[in-house]
Amino acid sequence: MSVDESQESVAGDPARQTGAVTGEWEGLAEQARALAEGRVTSAELVRRSLERIEATQQTVNAFRRVRAEAASAEAAEADRRLAAGERLPLLGVPVAVKDDTDVAGEPTAFGCAGDFPPKERDAEVVRRLRAAGAIIVGKTNACELGQWPFTEGPAFGNTCNPWNLAHTPGGSSGGSAAAVAAGLVPAALGTDGAGSVRIPAAWSHLVGIKPQRGRISTWPDPEAFQGITGIGPLARTVEDAALLLDVASGNHAGDLHRPPAISAREAAGRDPGRLRIALSWRPPVTFTRKPLHPDVRAAVTGVARTLVRLGHFVEEAEPDYGLVGLAFVPRATAGVGEWAARVPDASLLDPRTRGAARMGRLLGGPLLRRARVAERRQQQRIGALFGSYDVLLTPTTATPPPRIGTLAKLNGWRTDRAMIAACPYAWPWNVLGWPGVSVPAGFSGDGLPLGAQLLGPAHAEPRLISLAAQLQDDLRWHERRPAGRPAAANGENGENRENGENGTGVRRGG
């Protein structure tokens, strides 16, 4: 059935959530240009970023570690380099990374409680950010070992959605999403093992890119979570996400996956041409209920109608997922087990984490190897859709963002059921290792952000990014902001005050 562009969208009106576009909301590319042209200093940008982080830690609680002194010193050095005429893609621009990514001198706790030693060396992706001149102001919160689509836990409190503090920004890259959505940094990196970049992008009104497996190095791990997890950018605009993707991309000699290079930012400025787009509503089989919220259906239908109006051919069609979940579970739980073995005190782990690690050990060996071998057949079966279509369009999630605590307080079995019901669309692309982009799709009737997912076959990032940029030019989602940046004085997030320094779990590194 083709999509009728004549019907009006019934998605929630975001206008009431729109804040003024001011100098406080410059994007990554805009900040880089301003620095290169001498219109602002790195010291000023980093100072503003650090002030915003501090002002929102009691409410949004986006950061696990803040590198205040180190970032300020690095900004002063960036200003000296800029004054001497040096130019790099992000020289002097503040960014953030997720707390599963190694930064020299900082611990990598990945949402876990306990005393983690500082890392001696940067991860390869952090090395590349620094080589491009970026200033890493801190490490953002993530749920324990990245397992859930919320960012809450006893190690750091609750990370809240800047659009509505009573709701989650998603997970597991919820801290990175919240930091960008609240204007604390212009862009941030997250990781995506089952939608953990795309889900918080959808629920925080951002662009989130899950690149082709190996596009961004996961070193010091040759691959992450048995190959299902990759690193990707979160930003308010396609241009900014593409710029961060270009800067972060590349490989270490020890990486297992080394795809051919692309130019994401060039793709963001290119017309995608007329594309054949399949609109899919049916998630993979999981033998659990996954009802689609009517506001999500309306929002994604609105995106589909926009695509038709822009000249693309859109019709409903479903990929043949088969039983792809049977390959996902062994890989995901084995990855949890591998990470859990690194934790200094396993007794501090959530019981659900310990259960997942046990499951990973049970499903290891022959079952895990079988799951890895099945990937090629799954790519062929699901990829058959791309013989007839260029892009697959789906909801990013099945529901709007849940309220804080909705999933975090459940037991393991109920958490899994609730998680699958809320987020059934993203994880198959992690099994396949293929790229996907979540773009803002509008708002629910309650004013909560929703997302649509653009998915492609192997190495399809340029096409997806070009299409996302075309949508942005038409829908102008980047002009919509949370009505006011939440600050400690007006927040309600009392639960954030349970843990850690200043009640937020943040530790300030040098």
Side-chain angles (χ1 to χ4, degrees), residues 28 31 45-46 49-50 53 61-68 70-71 74-75 89-90 92-112 116 118-143 145-146 151 156 159 169 171-182 184-193 196-197 200-201 204 206 208-211 215-221 224 229-235 240-241 243-250 252 339 505-510:
L28 191 74
Q31 287 193 6
L45 291 179
V46 168
S49 178
L50 292 171
I53 292 168
N61 187 28
F63 281 81
R64 181 74 181 265
R65 301 282 302 186
V66 179
R67 301 180 67 248
E74 291 163 13
L90 294 181
V93 181
V95 298
V97 300
K98 187 176 174 180
D99 194 34
D100 60 350
T101 303
D102 291 350
V103 176
E106 303 290 343
T108 298
F110 201 177
C112 300
F116 288 76
K119 294 293 183 177
E120 294 182 4
R121 285 179 290 277
D122 290 331
E124 174 65 14
V125 65
V126 171
R127 187 194 69 78
R128 289 178 179 272
L129 290 178
R130 292 191 196 274
I135 310 294
I136 298 164
V137 295
K139 301 184 72 177
T140 57
N141 279 326
C143 64
L145 303 188
T151 304
F156 58 87
T159 297
S172 61
S173 304
S176 288
V180 177
L184 313 185
V185 289
L189 288 180
T191 54
D192 190 313
S196 288
V197 163
S204 302
L206 300 174
I209 301 177
K210 175 211 170 303
R215 177 76 60 212
I216 298 176
S217 174
T218 55
W219 192 260
D221 293 315
T229 294
I231 301 171
L234 288 146
D240 285 350
L243 172 57
L244 190 56
L245 176 58
D246 278 344
V247 164
S249 292
H252 185 277
W339 264 95
V506 166
R507 301 292 185 269
R508 293 184 176 272

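Nothing here was measured: the structure is a model prediction, and the numbers come from that model.
- Distance check: T101 OG1 to K139 NZ gives 6.5 Å after rounding to the nearest 0.5 Å.
- Across all non-hydrogen atoms, the minimal contact from P186 to P94 is CD-O, 3.1 Å.
- Using a 4.5 Å heavy-atom cutoff, the side chains of I53 and S49 are in contact.
- No donor-acceptor distance shorter than 3.5 angstrom exists from the side chain of R64 to the backbone of A142, with no hydrogens or angles considered.
- Shortest non-hydrogen contact noted between G175 and T140 is C-CB, 3.5 Å.
- Taking 4.5 Å as the limit, every side-chain heavy atom of V66 sits out of range of all side-chain heavy atoms of V137.
- A distance-only check finds a donor-acceptor pair linking the side chain of S249 to the backbone of L245 [under 3.5 Å].
- Considering only heavy atoms from C-beta on, V103 comes within 4.5 Å of D122 through its side chain.
- Closest non-hydrogen pair, P169 versus S204, comes out as O-OG, 3.3 Å.
- Using a 4.5 Å cut-off on side-chain heavy atoms (C-beta onward), V180 and D240 make no contact.
- Two residues are said to be in side-chain contact when any heavy atoms from C-beta on lie closer than 4.5 Å; R130 and E74 meet this criterion.
- Rounded to the nearest 0.5 Å, atoms CG (L234) and CG (L244) are 9.0 Å apart.
- In terms of heavy atoms, F63 sits closest to A179 at CE1-CB, 3.8 Å.
- Ring geometry for H252 versus W219: interplanar angle under 30°, hence parallel rather than tilted (30 to 60°).
- Nearest approach of I136 to A71, heavy atoms of both residues: O-CB, 4.0 Å.
- Atom NZ of residue K210 and atom OG1 of residue T229 lie 9.0 Å apart, to the nearest 0.5 angstrom.
- Atom OG1 of T108 and atom CG of D102 lie 3.5 Å apart (nearest 0.5 Å).
- Residues S176 and K98 bring no donor and acceptor atom of their side chains to less than 3.5 Å of each other.
- I231 contributes atom CD1, which lies 7.0 Å from atom CG of D100 (distance to the nearest 0.5 angstrom).
- Closest approach of V185 and V95 over heavy atoms only: CG1-C, 4.2 Å.
- Checked by atom type and distance alone, the side chain of S217 never pairs as donor or acceptor with a backbone atom of V125 at under 3.5 Å.
- Between the side chain of D192 and the backbone N or O of G230 there is no donor-acceptor pair closer than 3.5 Å.
- The CG atom of N61 lies 10.0 Å from the OG1 atom of T151; values are rounded to the nearest 0.5 Å.
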